[in-house]
Amino acid sequence: EAGVTQSPTHLIKTRGQQATLRCSPISGHTSVYWYQQALGLGLQFLLWYDEGEERNRGNFPPRFSGRQFPNYSSELNVNALELEDSALYLCASSFNDQETQYFGPGTRLLVL
Amino acid sequence: DQQVKQNSPSLSVQEGRISILNCDYTNSMFDYFLWYKKYPAEGPTFLISISSIKDKNEDGRFTVFLNKSAKHLSLHIVPSQPGDSAVYFCAASAHNQGGKLIFGQGTELSVKP
């Protein structure tokens, strides 16, 4: 069974640009979560999508947004990139919000 | 406000011995706890979990203990192997927190041959 996949693996952008990160969940999982791991910091919850709807978001500004498609894959968009947005962005999926979350390999975003 | 804390940033253990990783939490609403293992530049790998209605869960070499009164959980790895060397994160969630996992800062385990 394929795990959670994310693309691209690495992304380099300049300040002010927009970044789009993609995630495909494990087959059968309808919930997708996004987390940020900035350098030296722990994993911080960003967003939770389920059945195409945003269900919860963490303490991040509105320029962090996303969506979930009918096939349950998801996109994370970061607008007006700032240097401190440089981080590893992790996607996870689960059957529902009460079940174990399984993580993908992450996308490393570097903002110059 | 750090609701999940791993106070030991690193731990070094001899191969074959027991590794004990600790985690403390402050939110009494947490009802599900997980341990993940992470290598640099990779996503966390799920190891083991425990519901708040239990005090122990075992899976092979990994055992998680939960002490609700002390708001403390621990992960025991027996016997430790060099391949266990990684950063270990504990995480917690609550029914009313909308799918959000709260992670500790991680403990880097080094198992020496």
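Naming convention: chains lettered A, B, ... in sequence-line order (proteins, then strands); numbering from 1 in each chain. Both backbone and side-chain heavy atoms feed into the values below; hydrogens, waters and symmetry mates do not. As the structure is a prediction and not an experimental result, all values here were calculated from the model.
The existence of a salt bridge linking A/Glu54 and A/Arg67 is excluded, since no basic side-chain nitrogen approaches an acidic carboxylate oxygen closer than 4.0 Å.
Only the side chain of B/Leu34 has a heavy atom closer than 4.5 Å to any heavy atom of chain A. For A/Gln37, the part sitting under 4.5 Å from any heavy atom of chain B is the side chain, from C-beta outward, and nothing else. Contact of B/Tyr39 with chain A is not made at all, since no heavy-atom distance falls under 4.5 Å.
Looking at A/Asn77 and A/Thr20, their side chains do bring a donor and an acceptor atom within 3.5 Å of each other. For the residue pair B/Lys54 and B/Ser52, no side-chain donor N or O sits within less than 3.5 Å of a side-chain acceptor on the partner. Looking only at atom types and distance, the side chain of B/Asn67 has no donor-acceptor partner in the side chain of B/His72 under 3.5 Å away. A donor atom on one side chain and an acceptor atom on the other are not found under 3.5 Å apart for A/Tyr102 and A/Ser94.
Taking B/Gly98, B/Gly104, B/Gly43, B/Ser93 one by one and counting their heavy-atom pairs under 4.5 Å with chain A, the maximum is reached by B/Gly98. Most heavy-atom pairs under 4.5 Å with chain B: of the set A/Leu88, A/Thr100, A/Leu41, this distinction falls to A/Thr100. Among the candidates A/Glu99, A/Gln101, A/Arg108, the residue making the largest number of heavy-atom pairs closer than 4.5 Å to chain B is A/Gln101. Per-residue heavy-atom pair counts under 4.5 Å with chain A were compared for B/His95, B/Lys38, B/Gln6, B/Glu42, and the maximum is reached by B/His95.
Looking at B/Ser110 and B/Val13, their side chains never come closer than 4.5 Å, going by heavy atoms from C-beta outward.
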